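Okay, so here's the structure we're looking at.
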Number of protein chains: 2
Amino acid sequence: MSFFKGREIYSVDTKGRVNLPAKMRKNLSPEANDTFVITRGPDDDPCIYAYPLDEWKKFEENLKKLNQFNEQERFFLRTLLYWADEIVLDKQFRISVPKSLLDFTRIGKEALILGSMDHIEIWDPQIFENYLSKKTESYAVVAESVMGIRKL
Amino acid sequence: MSFFKGREIYSVDTKGRVNLPAKMRKNLSPEANDTFVITRGPDDDPCIYAYPLDEWKKFEENLKKLNQFNEQERFFLRTLLYWADEIVLDKQFRISVPKSLLDFTRIGKEALILGSMDHIEIWDPQIFENYLSKKTESYAVVAESVMGIRKL
DNA sequence: CTGTCAGTGGGGAAAAGTGGGGAATAATGT
DNA sequence: ACATTATTCCCCACTTTTCCCCACTGACAG
């Protein structure tokens with residue numbers, strides 16, 4: 001079971017490759033087999049989601065339970081799988097990001113890599129800044145509303 | 001058990017041949033025997049469904065359960081089977097699409113190939129764009145209820 | 001100072017995608 | 001029945017892209 005945290009800003013080379021930070025490599029479970037499934041983030045958050053293979057497999061099991069003859073569920077499947085792509089880390093532990101996803105996320109020469117529990121997120125650093133500054137609620141307030149009802 | 005995902009835009013040559021993306025070849029199980037059963041999609045989705053032979057066999061089992069004396073089910077079966085055709089990949093892993101299906105789906109010089117779990121879909125790229133942009137809310141709804149995530 | 005590990009860059013072999021000629025097969029017409 | 005036309009599909013060849021591998025730099029520890 002992988003658990004990612006922390007962040008780094010790395011360069012994106014001319015071939016669209018982004019390094020996976022060393023600290024996240026260490027949290028990668030062997031079952032992931034140095035393989036990630038990457039897809040796009042939610043509409044409001046233009047970033048890349050990268051799931052280690054083992055985490056993705058769990059998703060797949062849920063997807064298989066859907067009924068493809070239901071229009072809504074069919075639409076959901078298509079949108080999700082449309083962006084999905086399986087990539088293997090190279091010997092230098094780099095992710096090769098498809099051009100379509102770089103365009104979608106507006107990632108240029110630099111990328112912010114963010115550990116987010118079961119997956120990794122890749123952002124354009126500037127866009128992530130904007131995302132943070134747009135939030136009017138303070139971290140403390142949100143923290144309380146999200147976590148406050150539970151005992152830590 | 002095949003699980004297809006991702007997408008590619010490939011050209012359709014003058015002979016109506018469309019390449020099967022390499023990543024989808026890899027997810028093709030040996031039992032499929034390089035054979036697909038292709039048919040048309042649902043009414044609102046003018047695309048081609050291509051099932052690997054082994055997945056089609058499972059699908060057949062479900063079809064057999066239908067009641068042919070029910071008018072609706074009879075109609076469904078007839079339409080589905082009317083368009084169905086068995087094709088074998090050539091040595092370059094290309095699908096030769098019948099002209100009738102190219103006409104039905106309005107596919108011209110280019111085709112979008114979409115992995116969709118147990119089958120592959122072939123669309124005219126423009127028509128798929130329209131399909132995607134037509135609906136957005138239902139995606140979030142299904143995502144939340146099905147995947148336990150808000151939006152992906 | 002030196003060895004190791006992390007991040008970055010690029011050359012070249014291999015694979016993937018594309019196109020077309022021509023033999024085998026089927027369809028059509030006289 | 002045979003000739004003519006059309007279609008299918010097998011095979012070869014070209015082009016582009018991918019990715020495997022090696023090499024360089026800088027930071028940090030011993």
Side-chain angles (χ1 to χ4, degrees), chain A residues 4-28 32-38 48 50 53 83-103 107-115 120 122-125, chain B residues 4-28 32-38 48 50 53 84-103 107-115 120-125:
Chain A
F4 303 106
K5 58 186 177 299
R7 66 132 202 303
E8 292 292 336
I9 289 185
Y10 281 173
S11 64
V12 182
D13 69 19
T14 51
K15 296 181 179 180
R17 293 178 298 191
V18 184
N19 208 331
L20 183 66
K23 58 187 172 193
M24 298 185 192
R25 277 177 226 164
K26 284 168 188 153
N27 292 330
L28 198 58
N33 220 270
D34 286 348
T35 306
F36 281 83
V37 175
I38 60 181
I48 296 169
L53 189 58
W83 292 96
D85 209 348
E86 198 168 312
I87 58 103
V88 182
L89 299 180
D90 69 12
K91 276 224 170 150
Q92 282 74 248
F93 304 99
R94 286 177 295 194
I95 292 172
S96 188
V97 182
K99 204 173 158 300
S100 58
L101 275 172
L102 289 180
D103 290 344
I107 292 175
K109 290 204 181 307
E110 295 209 308
L112 171 79
I113 298 128
L114 183 66
I120 287 167
I122 307 174
W123 293 71
D124 176 79
Chain B
F4 301 107
K5 60 181 172 295
R7 66 137 195 299
E8 293 293 335
I9 290 185
Y10 281 174
S11 63
V12 183
D13 68 18
T14 50
K15 298 180 180 180
R17 294 178 298 190
V18 184
N19 208 331
L20 183 66
K23 58 187 170 193
M24 299 185 192
R25 273 176 230 163
K26 284 171 187 151
N27 292 331
L28 201 56
N33 221 270
D34 286 348
T35 306
F36 280 84
V37 175
I38 60 181
I48 297 169
L53 192 56
D85 208 348
E86 197 169 312
I87 58 102
V88 182
L89 299 180
D90 71 10
K91 279 227 168 148
Q92 280 76 247
F93 305 101
R94 286 177 294 197
I95 293 173
S96 189
V97 182
K99 204 173 160 300
S100 58
L101 275 172
L102 287 180
D103 290 344
I107 292 174
K109 288 204 181 308
E110 296 209 308
L112 172 82
I113 299 130
L114 178 69
I120 287 167
E121 295 181 5
I122 307 173
W123 293 71
D124 175 79

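Chain naming here is simple, since letters A, B, ... match the order of the sequence lines and numbering starts at 1 in each. Please read these numbers as outputs of a predicted model, since none were measured by experiment.
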Worksheet, complete the sentence: Between CG of D13(A) and P of dA23(D) the distance, given in whole Å, is 19 Å
Discussion item. Reading DNA chain C from 5' onward, which residue's closest nucleotide shows up sooner: I9(A) or K26(B)?
Written reply: I9(A)
Worksheet entry | Summary of protein contacts for nucleotides 9-19 of chain D, nucleotide by nucleotide, where a base hit scores B, a sugar-phosphate-only hit scores S (4.0 Å, heavy atoms) | BBBB------B
Practice prompt. Would you give the length of the straight line joining atom CD1 of I38(A) to atom CD1 of I87(A), rounded to the nearest 0.5 angstrom?
Written response: 5.5 Å
Practice prompt. Go through the structure and list residues passing salt bridge (Lys or Arg N to Asp or Glu O under 4.0 Å) with D85(A), not counting sequence neighbours.
Written response: K23(B)
Item to complete: Mind checking the CG-CG spacing from D34(A) to L89(A)? Nearest 0.5 Å is all I need.
Response: 5.0 Å
Worksheet, complete the sentence: Whichever of T14(B) and P21(B) has the more 5' nearest nucleotide on DNA chain C, that residue is P21(B)
Discussion item. Using whole Å, what does the distance between atom P of nucleotide dA16(C) and atom CE of M24(B) come to?
Written reply: 14 Å
Worksheet, complete the sentence: Across all chains, not counting sequence neighbours, the side-chain contact (heavy atoms from CB on, under 4.5 Å) partners of D90(A) are R17(A), Q92(A), R94(A)
Item to complete: Could you list the residues that satisfy side-chain contact (heavy atoms from CB on, under 4.5 Å) with V97(A), not counting sequence neighbours?
Response: V18(A), I48(A), I95(A), L101(A), L102(A)
Fill in: Value in whole Å for how far the C1' atom of dG9(C) lies from CG of N19(A)
12 Å
Worksheet item: Applying the side-chain contact (heavy atoms from CB on, under 4.5 Å) test to N19(B), which of E8(B), R25(B), M24(B) qualifies?
Response: R25(B)
Grab the N/O contacts between the protein and nucleotides 24-30 of chain D below 3.5 Å, and write none if there aren't any.
none

Worksheet item: So which of L28(A), L114(A), L20(A) actually passes side-chain contact (heavy atoms from CB on, under 4.5 Å) with F4(A)?
Response: L28(A)
Discussion item. The criterion is side-chain contact (heavy atoms from CB on, under 4.5 Å); which residues satisfy it with T35(A), sequence neighbours excluded?
Written reply: N33(A), L53(A), E86(A), V88(A)
